[in-house]
Amino acid sequence: MPKLTVNSIEVEVEQGASVLQACEEAGFEIPRFCYHERLSIAGNCRMCLVDMERAPKPIASCAMPASDGMVIDTQSERVKKAREGVMEFLLLNHPLDCPICDQGGECDLQDQAMGYGLDGSRYKETKRAVEEKQMGPLIKTIMTRCIHCTRCVRFATEVAGVPDLGAIGRGEQVEITTYLEKTIASELSANVIDLCPVGALTSKPYAFISRPWELSKTESVDVMDAQGSNIRIDSRGNQVLRIMPRLNEEVNEEWITDKARFAIDGLKNQRLDRPYVRGTNGKLEPSSWDNAFKIIAKQLKKVKPDNFGVIAGDQIDAETMFAMKLLMEKIGSPHMDCRQDGANIEGSARAGYLFNSSIAGIDDADALLIIGSNPRIEAPVLNARIRKRYLNAGIPVGYIGPTVDLTYPTNFLGSDPSVLQAIAEKKHPFCKFFKSAKNPMIIVGNGLLIRDDAKALLNYISTIIKNFEVIYKGWNGFNVLHTAASRVAGLDISFLPGKNGKSAKKMLKDASAGKMQMIWLLGADEIDTAKLKNTFVVYQGHHGDAGAHIADIILPGAAYTEKNGIYLNFEGRVQEVRRATFPPGEAKDDWSIIRAFSGFIGHPLSFDSHDACRQMLFTNHPHFAEIGQLHKSRWRRIGKPGKVFNSPILPALTEFYMTCPMSRASQTMADTRTSRENNSKPMAAE
C-alpha cells in the first residue's frame with residue numbers, strides 16, 4: 001500500500017486510492033464539485049487542486065492516483081490562489097439568486113465560495129443564460145446555475161442505467177439536458193437533486209415550500225418497498241414536507257427511490273381522520289370510537305371464532321401484528337395471515353423467506369439467476385446494486401420471466417417453468433455459469449411465490465441449490481425478494497394461520513361463499529374486495545382506499561411517518577420507523593386501537609404502552625431487539641414435489657408508482673406515471 005506525506009503528515013492508503021482520498025485520510029478537507037465517491041472520476045471542476053512536490057503546477061487531486069513517496073501540500077499560497085481563481089471562473093455566469101434558490105442553506109457552492117473564494121470578481125461581462133430543461137414532474141431545472149460538474153449525467157448513466165442525460169455544445173455553449181426534453185426514465189431519477197452541488201436541479205414538488213433551518217428532522221425507514229431504505233423525514237409543524245436519503249452502506253448506500261421521496265403528498269389526500277360506521281342507508285357515517293367498538297363487539301358476539309379472521313397489509317409494523325395476534329389467541333380464532341397476496345411461503349424455515357446473501361452480499365456474487373421478479377420496479381435501489389456488480393465484475397445474469405429492461409445485460413431464459421426444471425436437471429446452457437461460479441446467487445420474487453404451484457417450483461430451486469452448491473459454509477445464495485415491508489416481521493412472529501386456520505386466500509374465498517362472517521382488514525388493500533360483499537368488514541388503516549370502501553366499520557390508524565414501529569426488511573434486518581408528525585384528527589396508533597378494543601370486549605392485553613408492547617415482543621422474539629442487525633438462520637430444504645402448471649412465470653408487480661394507499665393518493669406519483677407513459681409513446685410523424 002502506498003505511503004505519502006500530506007502537509008508533513010505521513011499517511012498510508014489502499015492501492016488505487018486517489019490523492020484526494022489520501023488527503024481526506026490525513027484529516028484535510030479538499031473542496032470538490034465534480035468528484036463523488038460513487039461516480040466515475042470526471043476531473044472537470046478543478047476545485048480540488050493541490051501542490052505536489054516537483055510538479056510544475058497544481059494537480060487535480062481527484063484524478064491523480066496516490067503513489068509511494070508523494071509529498072502533497074494542500075495549504076500552500078499557490079493552492080489558495082488556484083482555488084480562488086477556479087471559484088472566480090465558476091461564479092462567472094452564476095446568477096445571484098441565492099435568496100430564492102431552494103438549494104440555499106444546503107448549497108456546496110455557497111459553502112465553498114465562503115471557504116475558498118474571493119469577496120469579489122474582476123469580470124464585468126454580461127452573464128450567459130440557459131433555457132430551462134424539461135425533466136418531468138419531479139425535477140425542477142434552473143440551468144443557468146449549472147457549473148457542468150456532470151454528476152447528474154454520470155449518475156443517470158452509471159448508477160440508474162438510463163443514459164437520458166448528457167451535454168450538448170462546446171466551450172461556453174455547453175448545456176446539460178435530457179434528450180428530446182423528456183422525463184428521465186428511471187425510478188431513481190430524483191437522486192440527482194441530492195447530487196447537484198449548486199441548485200441547478202431541485203425538487204419540483206418542494207419548490208418554494210420551506211427552508212432547511214425551518215424543518216424538524218427525524219431519522220426513519222422507508223416502507224414503500226421491502227428494502228427498508230434509510231431516510232430522513234423533514235417536517236414543519238404537523239406536515240411532512242420532504243423525504244431525504246440517509247447513508248447506510250449495507251442497505252441503500254445513499255440512494256432512495258422516487259416513490260419513497262415523493263409519495264408523501266399522498267399523506268394529505270383521502271386520509272381517514274375519524275371512525276366511520278355504515279348506516280342503514282348503506283353510507284359510511286362519522287362515529288365515535290366507543291360506538292364503533294360497540295358495533296364491532298356486538299357483531300363479534302354473533303360470530304363464532306371459526307368464522308372470524310384477520311388479514312394484515314403490506315405496511316403494518318411488527319408491534320401491531322404482535323398485538324393483533326395476541327388478541328386473536330384470546331378470542332380463539334386461528335384465522336390470521338400477513339400474506340394478503342396469497343404467497344405460498346411458510347414461517348417454519350426462516351432462511352426460506354429471507355434475502356440470505358444480504359444486500360451488500362451482491363458485491364460478492366459472481367453469477368445471478370432471477371426468477372419471477374422485476375427488481376427494477378420491486379426494489380430499484382437493490383437493482384442499482386446489481387447493476388454496479390455487473391459493471392465491476394461483468395457477472396452473468398439469468399432471468400426467468402418476460403423480457404424487461406433491468407438496466408444491465410441479461411440472459412433472458414424464457415418464462416416457461418420448464419426452464420427451471422431444465423436448470424435443476426443440469427440440462428440448460430445457463431448451468432455453465434452456475435457451475436463455474438464460486439458465489440452463485442438466486443433471487444426469487446413474489447411472482448413465483450403467489451403461484452398455486454409455488455412449492456413444486458421451490459422444490460426445483462432446492463435441487464439447483466444442492467447441485468450447484470449455492471449454499472455452503474460462509475455463503476447462502478438463496479434470496480427471496482419481498483415487495484411488502486411488513487412481510488418478514490409477520491412471518492417471524494408467525495402471523496399466519498394457526499391449527500386448522502385459513503390463509504388470506506382461503507378467507508376471501510370462504511367470505512365470497514358466505515362462510516366467513518367477519519373479517520378484520522389490518523391495512524389490507526391489495527385484495528379482491530369484491531369477495532367481501534357478504535361479510536362484515538372492519539377496516540383499520542390510514543387512507544380511504546379499497547379496504548375502506550368495502551368496510552362496515554372504519555378505524556383510522558397512523559401512517560408510517562406518524563408512529564414509532566419496527567420493520568424487518570427482506571434481509572431480516574431489524575429497523576425502526578420514528579414518529580415525525582401526529583396522525584390527523586382522531587386517528588390513533590394501530591397497536592393502541594387493538595389494545596383499546598381488547599379491553600372493550602373483556603380480553604385486555606397485558607400492556608398499556610407502546611414500550612410495554614415492544615418489550616413483550618422482544619421477550620417472545622429476542623432478535624427484534626437487535627436494531628440494525630441481521631439475524632441469520634440455518635438453511636432447510638424448501639418446497640416439495642408436485643404438479644407444475646404451464647402458465648408463464650411473471651413478476652408480481654408491473655406497476656412502480658402507485659402500489660399502496662399512500663402512493664395511490666399521491667398526485668405527484670400519478671403525474672409521474674402519466675409522464676413516463678407519454679415518454680414511451682411513439683412520436684407522431686410531422
Side-chain angles (χ1 to χ4, degrees), residues 339 341-358 361-362 364-373 375 396-401 411 413-482 487-488 491-492 496 503 570-572 631-652:
R339 308 162 300 178
D341 54 13
N344 260 309
I345 196 161
E346 298 174 353
S348 55
R350 191 169 189 265
Y353 59 77
L354 292 182
F355 202 94
N356 295 286
S357 304
S358 78
I362 291 171
D364 298 319
D366 47 11
L368 174 60
L369 179 62
I370 302 172
I371 309 164
S373 172
V397 179
Y399 186 88
I400 298 179
N411 297 296
L413 311 180
S415 57
D416 196 280
S418 62
V419 176
L420 198 57
Q421 181 180 357
I423 296 174
E425 295 172 355
K426 301 183 179 180
K427 296 178 180 178
H428 196 279
F430 189 77
C431 293
K432 64 182 179 182
F433 298 116
F434 259 32
K435 189 174 182 180
S436 60
K438 182 181 178 183
N439 294 326
M441 179 184 282
I442 296 172
I443 295 178
V444 177
N446 250 30
L448 183 145
L449 299 177
I450 61 176
R451 292 170 59 99
D452 292 333
D453 59 355
K455 290 185 178 179
L457 295 176
L458 288 171
N459 184 59
Y460 285 139
I461 292 171
S462 289
T463 304
I464 294 171
I465 290 169
K466 181 181 178 182
N467 289 346
F468 296 99
E469 295 187 50
V470 176
I471 298 174
Y472 59 86
K473 187 176 181 180
W475 177 258
N476 186 334
F478 175 77
N479 303 285
V480 175
L481 180 54
H482 294 290
R487 185 62 50 84
V488 171
L491 293 169
D492 273 6
L496 296 165
S503 66
F570 51 57
E571 302 171 286
H631 186 76
K632 296 188 177 181
S633 301
R634 181 176 295 181
W635 170 255
R636 285 168 50 189
R637 186 182 176 95
I638 56 174
K640 61 182 181 180
K643 183 180 178 182
V644 173
F645 303 121
N646 292 327
S647 56
I649 298 174
L650 304 173

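It should be emphasised that the depicted structure is a prediction, and the values quoted were computed from it without experimental measurement.
The shortest side-chain heavy-atom distance between V444 and Y353 does not fall under the 4.5 Å cut-off. The shortest side-chain heavy-atom distance between L458 and N344 does not fall under the 4.5 Å cut-off. A 4.5 Å side-chain heavy-atom check between I423 and Y460 finds every atom pair outside the cut-off. Within the 4.5 Å cutoff, the side chain of E425 has no heavy atoms near those of the N467 side chain.
One distance of note links CG of L413 with CD1 of I400; it measures 5.5 Å at 0.5 Å rounding. Atom-to-atom distance recorded for S358:OG and D364:CG is 8.0 Å, nearest 0.5 angstrom. Residue L481 holds its CG atom at 4.0 Å from OG of S373, rounded to the nearest 0.5 Å. Rounding to the nearest 0.5 angstrom, the gap separating the CG atom in L420 from the CG atom in L369 is 7.5 Å. To the nearest 0.5 Å, atoms CG (N411) and NE2 (H428) are separated by 9.5 Å. Atoms CZ and CE, on F434 and M441 in that order, are 9.5 Å from each other to the nearest 0.5 Å.
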Working for side-chain contact (heavy atoms from CB on, under 4.5 Å), residues V488 and E571: CA-CA 8 Å; V488 171; E571 302 171 286; over 6 Å; no

CA sep, side-chain torsions, deciding dist, call: R637, I461, side-chain contact (heavy atoms from CB on, under 4.5 Å): CA-CA 9 Å; R637 186 182 176 95; I461 292 171; over 6 Å; no

side-chain contact (heavy atoms from CB on, under 4.5 Å) evaluation trace for I638 with K455: CA-CA 8 Å; I638 56 174; K455 290 185 178 179; over 6 Å; no

Stepwise side-chain contact (heavy atoms from CB on, under 4.5 Å) check, R487 with D341: CA-CA 11 Å; R487 185 62 50 84; D341 54 13; 3.3 Å; yes

Step-by-step side-chain hydrogen bond (donor to acceptor under 3.5 Å, both in side chains) determination, S462 to R636: CA-CA 9 Å; S462 289; R636 285 168 50 189; over 6 Å; no

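Of the listed residues (I370, I464, N479), just one forms a side chain to side chain contact (heavy atoms under 4.5 Å, CB included) with I442, and that residue is I464. For the side chain to side chain contact (heavy atoms under 4.5 Å, CB included) with P440, the qualifying choice from I465, L368, V470 is V470, the only one to do so.
The aromatic rings of F570 and F355 sit tilted relative to each other, their planes meeting at an angle between 30° and 60°.
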Can you give me every donor-acceptor pair (side chain of residues 641-650, partner residue at least two apart or in another chain, under 3.5 Å) with its distance?
unit_1	atom_1	unit_2	atom_2	d
S647	OG	R451	NH1	3.3
S647	OG	R451	NH2	3.4

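Closest of all the heavy-atom pairs between A454 and L448 is CB-O, 3.4 Å. Closest non-hydrogen pair, R339 versus L491, comes out as CD-CD2, 4.3 Å. In terms of heavy-atom proximity, L496 sits nearest to G347 at CD1-N, 3.7 Å.
Among residues at least two apart or in separate chains, there is no salt bridge (Lys or Arg N to Asp or Glu O under 4.0 Å) pair with a member in residues 457-473.
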